[in-house]
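This structure is in structure tokens; I'll ask about it shortly.
All of these numbers come straight from a predicted model, not from anything done at the bench.
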Amino acid sequence: MSASDRSRPESALAVFERPRSLALLIARKDKADRLAAAIRASFGLDLPPPGRWVTGAQVDATWIQPGGWLLEGEPSAPGAFRALVAAAAEGLGAAVDQSSGRSVIRLAGAPARAVLATFCRLDLHPRAFGPGSAAMTRVAHVVCGVRLADATPSFDLIVASTYARWLIEELLEASARHGVRFEPALKPYRSAMPASGPM
Amino acid sequence: MSGYRLPHGGFIDRSRRLAFRFDGKLLEGHPGDTLASALIANGVKLVGRSFKYHRPRGILTAGAEEPNALVELGEEGRAEPNSKATEVELFDGLVARSQNRWPSLAFDLMAINGLAGKMISAGFYYKTFMWPAAFWEKLYEPLIRRAAGLGRATYATDPDTYEAVNDHCDVLVVGSGPAGLAAARAAGGAGARVILCERDSLLGGALLLAPAVEGWRQEMIAALETMPDVTVLKRANVFGYYDHNCLGAIEKLSDGAPGAGEPRQRYRVIRAKQVVLAPGATERLIAFPGNDRPGVMMAGAALVYLRRFGVAAGRSAVVFTNNDSAYATARGLKDAGLERVTVIDARPTGPQAPGLAVRLASEVAGFDGRRVEVRRRGGGANAETIEADLLCVSGGWNPNVDLASQSGARTAWSAELASPIPGAPVQAERSAGAARGLSGIGAAARDGLTAGREAARLAGFAGAADFPLPEDEPPALAVEPLWEVRGRGKSFVDLQHDVTADDIRLAHREGFSHIEHAKRYTTHNMATDQGKIGGLVGAAILAEARGETPDAVGLPTFRPYTAPVAFGAFAGRATGDRFEPIRRTALHDWHIRHETVMQRAGAWMRPFYYPRAGEDAWTAILREARMVRSGVGLCDVSTLGKIDVQGPDAAAFLDRLYANAMTTLSVGRARYGLMLREDGIVFDDGTVSRLGLEHFVMTTTTGEAAAVLEHMDFHAQTVWPELDLTFCSVTDEWAQISVAGPRSRDTLMKIVAGLDLSNAAFPFMAVGEGMIGAIPARIFRISFSGELAYEVAAPSCFAEQIWEAILEAGRAFAIAPYGLEAMGVLRIEKGHPAGHELGGFTTAADLGLGRIVKKAGDFVGRILAERPAMADPRRPRLSGIRPADKAHRLRGGAHLVTEPTSSESLGHVTSVTRSVELEQWIGLALIEEAESWRGKRLWAVSPLHDERVEVIVTSPRFVDPENARVRV
Amino acid sequence: MQLIPCPFCGARPEDEFHYRGDASVQRPLPDAGEQAFYDYVYTRSNPRGWHSEWWSHYAGCGQWLKVERNTMTHEVRGAAGPPATLPRTLA
Amino acid sequence: MNDHYSGWRLFAEGLRGNSGWKPAWRKPEPKPRYDVVIVGGGGHGLATAHYLASQHGIANVAVVEKGPIGLGNGGRNTTIVRSNYMLPSNTRFYEKSLQLWEGLEQDLNYNVMMSQRGVLNIFHNDGERDLAIRRGNSMRLQGVDAVLVDRDGVRSMLPMAAMDNPMFPILGALLQPRGGTARHDAVIWGFARAADRRGVDILEHCEVTGVRRDGGRVVGVETTRGFIGAGKVGVAVAGNTSRLAAMAGLTLPVETHLLQAFVSEAIKPYIDCVATFGAGHFYISQSDKGGLVFGGNLDGYNSYSQRGNLPLVEHLMGAAVAMMPSLSRLRVLRQWAGVMDMTMDGSPFICKTPVSGLYFNGGWCYGGFKATPASGWCFAHTIAMDEPHPLNADLTIDRFREGRLIDERGAGPSPWAQ
Ligand SMILES: Cc1cc2nc3c(=O)[nH]c(=O)nc-3n(C[C@H](O)[C@H](O)[C@H](O)COP(=O)(O)OP(=O)(O)OC[C@H]3O[C@@H](n4cnc5c(N)ncnc54)[C@H](O)[C@@H]3O)c2cc1C
Ligand SMILES: NC(=O)c1ccc[n+]([C@@H]2O[C@H](COP(=O)([O-])OP(=O)(O)OC[C@H]3O[C@@H](n4cnc5c(N)ncnc54)[C@H](O)[C@@H]3O)[C@@H](O)[C@H]2O)c1
Ligand SMILES: Cc1cc2nc3c(=O)[nH]c(=O)nc-3n(C[C@H](O)[C@H](O)[C@H](O)COP(=O)(O)O)c2cc1C
Ligand SMILES: [Zn+2]
């Protein structure tokens, strides 16, 4: 623990949920290469290799499993993002909506590494987990994707939405002595909902 | 008064005073003191009583190897037994109590045990207390238990917190003596990420005892501080060496002044590419009569009290040694101004010792706390008695091989040291300095540098700057092994457990001659110090009895922990109600706002029932169930596992996964699915819906969702890799709401657009998509309750909106939510297997589902389900039961017998409920030869409750056996 | 704590994995008969020493890895991805 | 009987400096041939020898042990003794064992410190409760003691238990009052001494390296101390069962797995009974020496290493402190592990094999300490009579082939998950 971690500025850390449109893209058997080409053609994005994530103009992509990526875009109308990805992947892979299924939680601030180290076994040292790094692992006992978002450092934690509250509680508890600010999440789509709903 | 504070010296802050209490007495010390050094400075000599004989004991060591000075610390939730006074850092207000004595430390009645010593030698309890048998629990054992144990534990809850951390480094260095400091600097200088763990509160190890090299110590520490990738952890004991170069450490943070949000301790899991073990050496004792008396102290410890704490441990001292190291203690005590210091050296020649009184070729044959009996070795007259209140002992030094040994390396034997040393490494580690038998600060530092450099190089960091090292000291004379001085009285080899040299010999005579047998028979090495100072001595005495050398006898297995670890530290934050993760559906907040009774089911929090004002549990549950049977209700079933399956071979895959056919399922339809394990036992059930030709969504039970997905992964990836399909969990994406009851269609018709829900257009088991407002939803006409019912699935971020919309639409039909309990009532009435019917014991046929199982084709579980005993028609089968007398209740877990007094169980009751349809208790049961019992009477007995209920065996379908209601 | 060298994710601690035992047994063809299935499900050579075994990287890439591990020393010699992933390479 | 143990003897020996005690068992040289050779000097092997000699008059017996006796699982288990099983095949066998335990000290003239302190199985939800009731009723119908304990009862037996943890509230418990603990090492030594006194040769440092057959019949064992001829060979080697089977050309439905155990620093009486918690799979008792002896689940991978890893430790300690918060400040002193012979249904076998004269005793999983007397008793019967006793008639290896599984937990053929 370095001296800087010990000092407790008012809010050394911020925790908030990032509203995103999410779709899991899974290549069909033996079609990963063609799928990558199709995605490149549609979104100008190279699907990243294991352990990496990339940002693009329209979509970001995070490696999840062999032949599987999480694609990500701005919040949009229900199903729209999935449809966009599905169209690009037509015949080459499945696009499955996860906009409600996974939550993207941002942990940002100087002590972020120290906080994550309390319940994540990944080596997050900049030498081992630099820009563009992404990993699926366990955080606070639940399956979780971890990405380095920027050098603040900021990390994105991608977790099953039914565990999001658990993870946030754990993050807040682990961060408490550093000082932490929590911004309640906006759920994806909410803003995109028609003002006069059926209810 | 014996010990006292010297006018100067030591790493203590004399400008400040700390007040503390020991056994109620108010005493003072300084910052930098340990409880032990402060007690010695205050002249406190008697600090504890031993385990078996309750002998008075003093402070023997200055570290983690302390067997005697164990005290109870703190109060209430912070009470902590068995704390080593030698490791407790003093703080203002510290409260400590001696332990294992009654009524008081000075006058302990249990000391009577000492008189009976010969009768309660090693293993005595195995030979007596056998008659009469019942007296063991009633009389003997309580006595033994009360006498044994050490400190008292509290039942109060610990108010402090703990934290776990995962660390990674290129090089882990254990110990910060000259070897450790040099290793850390060498590795850090090469650019490696280094973690240095030091158990002590100060860095330096042996350097803290060598004022001549204090400058070097400080320079090394300063150099490490400038290296950003070197982390130095003080008060951090490395407790264990596990697989794949993973080590555990406990860092003490705030024992003195808890608060400020700082955890009390931090448990560190350290993953190192390379490890340098530099934990130094531990001084061993010599067995002689009275070697446990207050006033006996290890020679190295006496030097620590002088140099570290500016404390002299006595007024007049005898130093008994077989090696050169204790001369430094003698010299130090002399220089500190003790009245008299005499060295008793067992060797015929000793080092130059100007000004010291030395008796060569002599030994200590007894000590009573005030007088030391000295005699020439090898017999002869001229025995001598020397008055001394401090008897320092050094039997030589044992390299600390425990971590190396835990890593899997066998120990080797050093004849020179008469001690084990680390053998060839198995994992990526090496020992350095005193830990591998080197002596001298210069030698240790040089060794550390080499080890640090080598470790860094192997971790990928070559080339490092040089730094100055301390001078080598002149070589020492060899140690002459001396394990025991025989004489009248008890000579201890394990002070805490009161194991004597005679006990070791007795063990040998009785055949417990293997070191592991001797350990277990005498309990030697099994105390809280794990034999750190006397382990080898006992082994050597055993060796002598066996007529062998100590290396042939060996030491017992080294195991974690090098120092005991608090339960709380391991638990970290993951305990209490946060011991396992909690999973919440998207409707969780709604349930909470509506004062739902929630319960944990697996990881999930689930609504059990929704009580209204004044309702008890059953009233609410039965109201909810009745509502579904007569009107409409809605239920959060989002916890069901949901898996999206796509691809040209999706249908073929599902066909092999499920015991019933899936290829024949048409688009827009759902089907019940039953999965077997490969051994033919039912694994899981759920529904499969075909959304498109190559697109399915299946559900699993809540409990098995993860297991089913992994089962699918296994088969898709490794068994049938030729199949072209993809699948993934969509459990979290979709909130799912069951809308059940005769008015469910009326309810949904009001809000679902884009889908004709009429019975003709959307019959039982139909699947379709519609819109609820602007929200796309999937509608499944499936029923768990046996009523007309639908399940509505929508992206979970809209869960509350959909839920509210359904509530609003059903208002005219008095819709309300129902919980898991009401769902249980409904499914038991329908005879749907769940929970204990699917507990991993039943076949499809047992559950009455034999008819849906495919007779041909490949699917998981087909072949082994055909084994004779699995296909035996007499196996217990699912049946219904109800009490013959409507007033009687049923119990889950009751057994079925033919007569109320019979003890031949024909089966057992798996699930029970009060039925809303039958207005009485009903149950599901697994009954042998169930068909033959249909309509007949049996007894459901629960001897545990002293209950016998006559029951009628029925079909498991209590309600609507033709399943007509779901089709209307 | 053992590290399983996942060919996709790198070396990861054992608690990211679920275990499934002997990988030397293979599911028989459907018509291989009861004895073959019995052996597949129940019979284990259970060696002391090198053992080929299945580990699912459930908290990582979700792949079933075939791991060569020594049951006496816990040394790991290698881990391969499942057959289904073999032909899939990314440019 | 000049070496009888008693309080008087202890007193007399004390007066003469304990010089008259004899070795608890001899260290004989192997004879070329024995009527029966038992492989494995754990509790089961030694008990088998004792009962062969005492019940069947077969004393020309050797127990061959690769190291010193009793350092296998018999010397490293958490010492819980109980017969609270659900399935009749198990219940009646373990109940026989408990009955033998109740008279063991007199039978062996050795204090094995059998302490019937009660075994309390705590449940946290309705499902666990119903299973406990089913099991308790099954026991009661078979004449075994079982009591359902309510929350107040649990509270008074376990004043340190967290009754109202919101995630894992304690609803009650199933108590077997006659269950308890025994001193693991004493059981080994007591059986060894008793067998030795009836003439059984205990051959330590004698590792079996091969099983010699003559056609379909076993004729002896190759050992590191030479060939030893045998009319019959009984194998009771727990975690090494598969290796011995391989020597005899057999492959068994067994996997070898790790189970860790822990002991705390010794403290004054803290917990009086044996407690097991459904949540977190944590169980604990206190030894007569004062250490809290506790454990949990398997590490979950095949291993012969006798050393476990930290993930299990972390989980277990989390459970321990959740269930008994006052443990937090106490300290664990030592951890170790044993290698378990896990079967594909979690139940053992004591049976004949396709090789005539060769018998197997194994599959004890993490529960064979309590079985020690009955295992020896039934195995001795099976060997002496060349057929099983009714008590172990169901405990065959063939049951897997026939689908006649004895699966208490419904875990199926996944030993790592049991
Ligand atoms: C941590 C732990 C906790 C447990 N807790 C309990 C509990 O609370 N209650 C309970 O009932 N059970 C418990 N058990 C299980 C119980 O300890 C065992 O089932 C039981 O001790 C098995 O006895 P055994 O005699 O068959 O095996 P062991 O005691 O293991 O004896 C087998 C012997 O065979 C020897 N051997 C192996 N190979 C050879 C060879 N080739 N040649 C010669 N000899 C050989 C071994 O060296 C060993 O001494 C626990 C086990 C462990 C590890
Ligand atoms: N008088 C003697 O004969 C004697 C005895 C021992 C050491 N020494 C001298 O000490 C020097 C040896 O230096 P060294 O660096 O090898 O040893 P050292 O004794 O100086 O340092 C070892 C350090 O490791 C720490 N340590 C031990 N176990 C630990 C653990 N599990 N976790 C964390 N920290 C732990 C100790 O607290 C100590 O500070 C030599 O000069 C040697 O001669 C002398
Ligand atoms: C019931 C029981 C109680 C134990 N109590 C202690 C103890 O008080 N002190 C100790 O050091 N070890 C104790 N042990 C552990 C043994 O020292 C030893 O670790 C264990 O028997 C396994 O042997 P091994 O470590 O030599 O492999 C105990 C073991 C058991 C089974
Ligand atoms: Zn992976």
Side-chain angles (χ1 to χ4, degrees), chain B residues 166 168 240-248 269-273 407-409 426-427 649 653 655-656 676-681 706-707 709-729 854 856-868 870-871, chain C residues 1-5 8 10-21 23-42 52-66 69-76 80-88:
Chain B
N166 296 286
H168 302 263
Y241 202 135
Y242 298 83
D243 283 335
H244 299 191
N245 255 29
C246 178
L247 294 90
V269 182
I270 306 173
R271 177 79 60 181
K273 292 204 180 75
S407 79
V426 172
Q427 301 203 35
D649 292 331
F653 179 73
D655 226 26
R656 297 186 199 181
L676 306 183
R677 305 190 305 219
E678 195 69 272
D679 68 349
I681 294 290
L709 191 67
E710 221 163 77
H711 176 79
M712 290 170 66
D713 275 330
F714 180 79
H715 286 90
Q717 292 173 20
T718 79
V719 180
W720 304 306
E722 70 281 4
L723 296 184
D724 184 2
L725 80 158
T726 66
F727 53 86
C728 66
S729 165
K854 286 169 285 198
D858 185 17
F859 62 89
V860 175
R862 180 172 79 103
I863 303 291
L864 292 184
E866 289 164 5
R867 283 175 292 169
M870 303 271 288
Chain C
M1 202 181 319
Q2 299 168 98
L3 287 176
I4 306 296
F8 307 105
R12 292 297 184 84
E14 63 187 76
D15 54 0
E16 287 190 8
F17 296 82
H18 286 159
Y19 185 76
R20 195 194 160 102
S24 69
V25 290
Q26 272 193 353
R27 190 172 190 275
L29 293 175
D31 50 6
E34 192 177 297
Q35 177 66 35
F37 273 88
Y38 172 80
D39 286 339
Y40 168 59
V41 172
Y42 290 106
S52 170
E53 50 195 35
W54 292 116
W55 291 75
S56 155
H57 196 185
Y58 82 94
C61 58
Q63 304 301 296
W64 279 96
L65 311 178
K66 206 181 240 190
R69 197 180 57 95
N70 190 305
T71 60
M72 193 57 198
T73 63
H74 295 175
E75 199 183 334
V76 173
T85 63
L86 291 184
R88 289 184 190 169

Original post:
CD/C:Glu16 to CH2/C:Trp55 distance, rounded to the nearest 0.5 angstrom?
Top reply: 12.0 Å

**OP:** Rounded to the nearest 0.5 Å, what's the gap from CD1 on B:Ile681 to CE on B:Met870? Could you check?
**Re:**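 These two atoms lie 4.0 Å from each other.
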
Original post:
Does a salt bridge link B:Glu722 with B:Arg656, judged by any charged N lying under 4.0 Å from a carboxylate O?
Top reply: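 Salt bridge present between B:Glu722 and B:Arg656.
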
Original post:
With sequence neighbours excluded, what pairs up with B:Phe859 under the ring-ring contact (aromatic ring centres under 6.0 Å, His included) test?
Top reply: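 B:Phe859: no ring-ring contact (aromatic ring centres under 6.0 Å, His included) contacts found.
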
Original post:
For B:His244, which residues count as a ring-ring contact (aromatic ring centres under 6.0 Å, His included) partner, sequence neighbours excluded?
Top reply: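 So B:His244 forms no ring-ring contact (aromatic ring centres under 6.0 Å, His included) with any residue.
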
Original post:
Looking at C:Glu75, C:Arg27, C:His74, which one has more heavy-atom pairs under 4.5 Å with chain B than the rest?
Top reply: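 Winner by heavy-atom pair count: C:Arg27.
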
Original post:
Which region of B:Arg677, side chain (C-beta onward) or backbone (N, CA, C, O), has a non-hydrogen atom less than 4.5 Å from a non-hydrogen atom of chain C, or is it both or neither?
Top reply: neither

**OP:** For each of C:Tyr40, C:Tyr58, C:Trp54, tally heavy-atom pairs with chain B at distances under 4.5 Å, and name the one with the top tally.
**Re:** C:Trp54

Subject >> Residues in residues 31-39 of chain C near chain B [non-hydrogen atoms, under 4.5 Å] >> reply: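 From residues 31-39 of chain C, the residues near chain B are C:Gly33, C:Glu34, C:Phe37, C:Tyr38.
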
Original post:
Relative to each other, are the rings of B:Trp720 and B:Phe653 parallel, tilted or perpendicular (30° and 60° limits)?
Top reply: perpendicular

**OP:** Tell me, please, which residues at least two apart from C:Asp15 pass salt bridge (charged side-chain N to carboxylate O under 4.0 Å, His left out).
**Re:** A:Arg121, A:Arg138

**OP:** Would you give the length of the straight line joining atom CG of B:Asn245 to atom CE of C:Met1, rounded to the nearest 0.5 angstrom?
**Re:**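 So the gap between those two atoms works out to 12.5 Å.
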
**OP:** Examine whether an atom of B:Val426 lies under 4.5 Å from a heavy atom of chain C, and if so say whether it belongs to the side chain, the backbone or both; otherwise answer neither.
**Re:**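 For B:Val426, no heavy atom lies under 4.5 Å from chain C.
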
